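Okay, structure first, notes after.
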Amino acid sequence: MSTIEAKPCLHHSVADWQNNNRQLSATAEHERDVSHVIRQEGRGLRNETTIKTWWDESDTCRRLGERLWDVSRCKDSLESSAVEVDTEMEALTLAKEELEQALGATAVPLQVTQECLTLRQGRRGLELVGDPVEEELKQEVRLIKRVQQELQQHVGRTFEQLCVLQEARHQLTMDLQNKMDALDVDRICLSLTVKSAQISLKTNPLRIPPGTVTPQEWAQFSQYNVTVAQEAVLLSQQMRENASLTRSKLQNELEKQRRATEFALRKRTHTEEQSRQELEWQLKITEDEISEMEADIRGLDQDLRVKTASLKLAHTRLENRTCRPGMDLCRDQVQLGLVREVQQLEASIKALDQKLGEAQHSLQKMCLHHARMTQDLNRKQEALSLEQRSLNTRHRLTDATCAAVGGDKPAVTGVVPLANSSGRSRLRTLA
């Protein structure tokens, strides 16, 4: 085979080769300078970003710690207010129960007083009088009804205040729960480090969640809840004090009226007892007088019969002497004496008969009056019996009145749940 000659290559000159070498060296030196600058800048940037990141993380941790302290302090304030609200709710519940007991205890005095009025309506005749006892009993009924009305108003206001306290407690509870949730979140955030397994990149972490508020609004919200709770507690304390004063005042009024009524009742009973004794004495001396009058009437009747027999004798003698014959029919002293005797006997009989009529009429009047006095005595005895029954009935008030408004407070052996009186469960302080 024939040998094929290769195409000759382009040969560069020595100057080009030298220029190329110098350019490569210059370029390498430039790139090394640039690399050096970049390395220095990178090292400075690394140091700067490391320090910046460390300071940012430290500042974030510091702010998280301060935020935890702020939230904890706010939580402590809320818990303190919640404890005050719980304590006041228990005290107000006890006050409400005492008011309800006082209101229920007024039923016995009212029933007793109305029963006394009904008993005294059983009096008959002139004994049914509008005396001071009746006025005191009616006044007592009006007073008890007024006491019941005032106590019922206090019970209603106390119940409404309990609802206000419960609502304030509910708001405190919700705020406390939010604070504890926030504390848990911030504690977790404070505990995280770059080596924590829970960290990762999130989608749009810089977004602002709906409902985000400013720190001022956050502080004002909790402060508002605390202020509302404190105002509710203060109002509740004033309400309990007013209820206690009202109960004491009403107790004094009821006790004063009870004593006035019983004094009037005892006085009336004493007066009726005196009147009954006076009437019994009048009946006794009237009966004695009737007995004497009956005896005198029998004496008058006996004398009248004797005088009538004597008149018959005189008449018979006069009639027989008219039978004398002739001149013997003479108006002698015997005749004149008989005439005077007849006249005297007729006058005596007439006087005795008139006196007997007067005595019988007087006896009849005394018997009628005796019957009236006997009837009145029976009515007085009935009225006195009714007054005594009223006094015995009012003995039930001795203990009932003391318990009606502000008696001895019931012993409290434990926490009284609000559900006993308002139907709502008592909220507990969150730990």
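Keep in mind that the numbers below use all heavy atoms, side chains included, and drop hydrogens, waters and symmetry copies. All values derive from a computational prediction rather than experimental measurement.
Under 3.5 Å, the side chains of K179 and S72 contain no donor-acceptor pair of N or O atoms. Between the side chains of Q274 and E278, no donor-acceptor pair of N or O atoms lies under 3.5 Å. R62 and S58 form no side-chain donor-acceptor contact under 3.5 Å, judged by distance and modelled atom types alone. Residues E115 and Q111 bring no donor and acceptor atom of their side chains to less than 3.5 Å of each other. Judged purely by distance below 3.5 Å, without hydrogens or angles, the side chains of Q364 and Q360 never pair a donor atom with an acceptor atom. A donor-acceptor pair shorter than 3.5 Å can be found between the side chains of D181 and Q177. Judged by distance alone, the side chains of T269 and K267 never bring a donor and an acceptor atom under 3.5 Å apart.
Side-chain contact check for R207 versus N204: some heavy-atom pair is nearer than 4.5 Å. At a threshold of 4.5 Å between non-hydrogen side-chain atoms, the residues S362 and M293 count as touching. Annotation: side chain of H154 is not in contact with side chain of K96 (no heavy-atom distance under 4.5 Å). In this structure, E294 and I297 have side chains that are not in contact, with every pair of non-hydrogen atoms separated by 4.5 Å or more. In this structure, the side chains of M366 and H369 stay at 4.5 Å or more apart for every pair of heavy atoms. The shortest side-chain heavy-atom distance between L250 and T246 falls under the 4.5 Å cut-off. Considering only heavy atoms from C-beta on, L94 comes within 4.5 Å of E97 through its side chain. Side chains of R268 and V129 form a contact here, defined as non-hydrogen atoms less than 4.5 Å apart.
For R379, the CZ atom counts as densely surrounded, since its 6.0 Å shell holds more than 12 non-hydrogen atoms of other residues, nucleotides or ligands. Enclosure of atom CD in E241 is not indicated, since only 12 or fewer non-hydrogen atoms of other residues, nucleotides or ligands lie within 6.0 angstrom. At most 12 non-hydrogen atoms from other residues, nucleotides or ligands lie less than 6.0 angstrom from CD of Q333. A 6.0 Å sphere centred on CZ of R324 holds more than 12 heavy atoms belonging to other residues, nucleotides or ligands. The neighbour count for R142 CZ, taken as heavy atoms of other residues, nucleotides or ligands under 6.0 Å away, is above 12. Counting heavy atoms of neighbouring residues, nucleotides and ligands inside a 6.0 Å radius, atom CG of L126 does not exceed 12 of them. Within a 6.0 Å sphere centred on CD of E319, other residues, nucleotides and ligands contribute 12 heavy atoms or fewer. Residue R39 places its CZ atom among more than 12 non-hydrogen atoms of other residues, nucleotides or ligands, all under 6.0 Å distant.
Within the model, atoms CG of L151 and CD1 of I144 stand 11.5 Å from one another, a figure rounded to the nearest 0.5 Å. Interatomic distance, E280 CD to T374 OG1, rounded to the nearest 0.5 Å: 10.5 Å. We find the CD1-SG distance between I290 and C367 to be 4.0 Å, quoted to the nearest 0.5 Å. In this structure, E358 CD and D353 CG are separated by 10.5 Å, a value rounded to the nearest 0.5 Å. One finds the CD atom of E98 at 10.5 Å from the CD atom of E100 (value rounded to the nearest 0.5 Å).
S248 places a side-chain N or O within 3.5 Å of a backbone atom of S244 that can act as its donor or acceptor partner. Side chain of S275 to backbone of T271: no donor-acceptor contact under 3.5 angstrom is found.
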Could you walk me through whether Q335 and L318 pass the side-chain contact (heavy atoms from CB on, under 4.5 Å) test, one step at a time?
CA-CA 7 Å; Q335 187 70 19; L318 284 173; 3.2 Å; yes

Between V83 and T87, is the side-chain contact (heavy atoms from CB on, under 4.5 Å) condition met? List the steps.
CA-CA 6 Å; V83 170; T87 303; 4.2 Å; yes

If you apply the rule side-chain contact (heavy atoms from CB on, under 4.5 Å), what do you find for R120 with L265, and how did you get there?
CA-CA 11 Å; R120 299 186 85 250; L265 190 56; 4.3 Å; yes

Hey, mind stepping through L338 and E341 against side-chain contact (heavy atoms from CB on, under 4.5 Å) and telling me if it holds?
CA-CA 5 Å; L338 286 171; E341 184 181 1; 3.7 Å; yes

Verdict with reasoning, D301 to R298, per salt bridge (charged side-chain N to carboxylate O under 4.0 Å, His left out):
CA-CA 5 Å; D301 186 64; R298 288 193 297 270; over 6 Å; no

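Judged by a 6.0 Å distance limit and a 45° cone about the ring axis, R67 is positioned over the six-membered ring of W218.
When each of E88, Q161, E231 is paired with S236, the side chain to side chain donor-acceptor pair (under 3.5 Å) condition holds for E88 and for no other. Between K380 and the choices Q375, E272, E127, the side chain to side chain donor-acceptor pair (under 3.5 Å) rule is met once, by E127. A side-chain contact (heavy atoms from CB on, under 4.5 Å) with T261 is found for one member of E140, R266, Q139, K138 and no other, namely E140. Screening Q153, R146, Q152 for a side chain to side chain donor-acceptor pair (under 3.5 Å) with E150, the sole residue that qualifies is R146.
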